[in-house]
Amino acid sequence: MGVMGNIFDKCDFESKIFENRGIMLPSYLPEKLPFREKQIEDMVSVLSACTKGDRPTNLFIYGKPGTGKTSCTKYVINQLDEFAKKNSLRIRTIYANCRQYNSKYKVLSNVVQKLLPERDIIGYSGTFVYENLLAYCEKNQAKLIVAMDEIDKVKDLDELIYALTRANEELKKGAISIIGISNQLTFKERLDARTKSSLCEKEIVFPPYNAEELAEILRERVKMAFKKGVVDESAIKYAAAIAAQESGDARAAVMLLLRAGELAEKELLNKVTDVEVRKAKREVEEEIAIDMISTLPEQQQLVIYAISRLTFEKRGIKRFDDEHALCSGEIYDEYKKIAARFNIAPVSIRWFQEYIGELETYGIILTTNSGKGFKGQSRIIRLGLDVEKVKTALEKRFSS
DNA sequence: AATCCACAGGAAGTGCTGGGCG
DNA sequence: CGCCCAGCACTTCCTGTGGATT
């Protein structure tokens, strides 16, 4: 044996694509929040009350995912903290994600834990936690601002809001304000009337970004996250266009560009263009689809498996004019064979047809109606996804 | 032209399940 | 607590379409 290199030698620790990949991750909090000046200004004008010693009104923020709700809120309360520190004001801000803290008790104990990190309050009763909260505010004469992200995930929200608003009545010196954040626009209507009126004293809407705004946001990120000149303008434009068309979700746009960058890195390219973005988009869609397939009922999985097998076998072998078009009869036969192999009772052809229709509405398969020239009214079926990936995913599923 | 074939899709019936109600 | 009924997943049966075969 000659001189052996290290097996990690191939892994270039110096990326040719990324300058700082972390900036493209969802956890990154940007310093600039373009196109949200108005919303930030509104938040400041509400929260500025506490710098004058008053209790800020509660705030309800809503908008679709990826419209900057969380980033703006975090940014504003960080700034407020900084300002309070500089001017020695008695203001405390707390951010809690309610997906994690999804009940009144969990939220309150998390808040108290953050206020009193040295005090161990885990395992104590709700009233004990609540009293600690009051005691803290009273003792420190604190204006407390609690930002609750994904507030719709809290199971007993009415009680939580009630507890926090009632606290204000009991407190002589301190005060508590709530910032509620939600991406469900219908959520507000489900609330108790009293909860609604106290939580929604002031509302701020975060509209989705349009394509130009998304492109600007991406350019800003790319400047810091990627090496200079690596990301082509076409990639930015394309990623922005996709995200704008789908929901105006900035996080999705950033993720897409991150995936495109990782793809370019894997393929040892030195540029990221719209081609990589397109590939990244396909990759993401396929992952979602395969994920979805795994949650489908067993029978439908068998149908998809039958289609993937037949398509796989037929690749290259031309039949009629279409490359890998299938008609429902042969799929049903294959499906019955596979079902027998796995000892699963097959469904009747009638129900099989319903499955085909359902899978089509999910976008997993594509069907065209062969009006003329072939077996009367019939459906030509093909898989809308990467056949091999689907096949291996399902083989894994059924082998266990 | 009559019949067959391969298929789509409607209608009605069946057996199971889970939730509301007396 | 048992009962009943609605809803579901599915089957059986049936009608209709349009090319292929006799």
Side-chain angles (χ1 to χ4, degrees), chain A residues 99 102-105 152-160 184 186-193 195 285-400:
Chain A
R99 201 207 308 238
N102 60 356
S103 71
K104 175 189 166 191
Y105 178 74
D152 44 299
K153 296 289 186 311
V154 180
K155 282 172 232 155
D156 43 6
L157 185 60
D158 288 323
E159 282 164 52
L160 174 60
Q184 291 186 35
T186 53
F187 153 75
K188 206 178 73 184
E189 310 312 317
R190 291 205 309 266
L191 289 174
D192 184 293
T195 313
E285 277 172 355
E286 238 146 45
E287 274 164 33
I288 291 169
I290 287 176
D291 212 57
M292 194 180 111
I293 288 173
S294 71
T295 68
L296 250 36
E298 190 178 55
Q299 294 285 354
Q300 298 192 22
Q301 291 183 356
L302 282 179
V303 173
I304 298 167
Y305 185 43
I307 296 171
S308 73
R309 275 187 57 105
L310 284 175
T311 320
F312 195 71
E313 282 167 21
K314 285 215 177 140
R315 193 140 50 189
I317 306 165
K318 303 249 173 197
R319 247 271 192 92
F320 316 114
D321 300 315
D322 290 7
E323 320 96 276
H324 13 276
L326 304 165
C327 44
S328 59
E330 54 181 337
I331 297 172
Y332 186 62
D333 290 342
E334 177 72 12
Y335 155 79
K336 271 197 293 193
K337 265 191 243 164
I338 293 169
R341 180 139 45 88
F342 294 117
N343 257 337
I344 298 165
V347 294
S348 68
I349 196 158
R350 183 66 190 83
W351 200 248
F352 168 83
Q353 289 174 167
E354 296 292 323
Y355 283 160
I356 293 289
E358 216 170 307
L359 293 176
E360 189 188 10
T361 61
Y362 294 154
I364 293 170
I365 57 171
L366 305 168
T367 79
T368 41
N369 219 332
S370 80
K372 289 201 171 87
F374 178 66
K375 294 177 183 173
Q377 206 68 299
S378 183
R379 274 162 132 175
I380 311 257
I381 296 158
R382 70 207 156 82
L383 212 54
L385 309 162
D386 186 296
V387 179
E388 212 166 339
K389 278 189 193 153
V390 171
K391 186 164 160 279
T392 46
L394 284 171
E395 254 149 27
K396 210 181 285 170
R397 152 80 174 77
F398 282 112
S399 64
S400 59

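Order of the sequence lines sets the chain letters (A, B, ...), proteins ahead of strands, with each chain counted from 1. Below, each value reflects all heavy atoms present in this structure, side chains not excepted, and no hydrogens, waters or symmetry copies.
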Would you mind writing out the side-chain donor-acceptor pairs for residues 343-352 of chain A within the sub-3.5 Å range, not counting sequence neighbours?
| residue | atom | partner | partner atom | Å |
| --- | --- | --- | --- | --- |
| A:R350 | NH1 | A:E354 | OE2 | 2.8 |
| A:R350 | NH2 | A:E354 | OE2 | 3.0 |
| A:W351 | NE1 | A:Y355 | OH | 3.1 |

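Qualifying side-chain hydrogen bond (donor to acceptor under 3.5 Å, both in side chains) partners for A:K389, counting only residues two or more places apart in sequence or in other chains: A:E286. With sequence neighbours left out, the ring-ring contact (aromatic ring centres under 6.0 Å, His included) criterion links A:Y362 to no other residue. For A:T367, the side chain to side chain contact (heavy atoms under 4.5 Å, CB included) partners two or more places apart in sequence, or in a different chain, are A:I356, A:E360, A:I365, A:R379, A:I381. Every residue meeting the side-chain hydrogen bond (donor to acceptor under 3.5 Å, both in side chains) condition with A:T195, not counting sequence neighbours, appears here in chain and number order: A:D158. Partners of A:K104 under the salt bridge (charged side-chain N to carboxylate O under 4.0 Å, His left out) rule, at least two apart in sequence or in another chain, do not exist in this structure. By the salt bridge (charged side-chain N to carboxylate O under 4.0 Å, His left out) test, A:E285 is found to be paired with A:K281, residues two or more places apart in sequence or in another chain being considered.
Taking atom CG on A:L326 and atom P on B:dC7, their separation rounds to 11 Å, with Å as the unit. In this entry the distance linking CD1 of A:I380 with P of B:dA8 reads 10 Å, nearest Å. The nearest whole Å value for the distance from the CD1 atom in A:I331 to the C1' atom in B:dA8 is 14 Å. In this structure, the OH atom of A:Y332 is 18 Å from the P atom of B:dC5, given to the nearest Å.
Of the residues in residues 335-349 of chain A, none has a non-hydrogen atom less than 4.0 angstrom from any atom of DNA chain B. For DNA chain C, the residues of residues 350-357 of chain A within the heavy-atom distance limit of 4.0 Å (strictly under) are A:R350, A:W351, A:Y355, sorted by number.
Using cut-offs of 30° and 60° on the angle between ring planes, the pair A:F342 and A:F398 is parallel.
For B:dA6, the OP1/OP2 oxygens have no side-chain nitrogen or oxygen of A:S328 closer than 4.0 Å.
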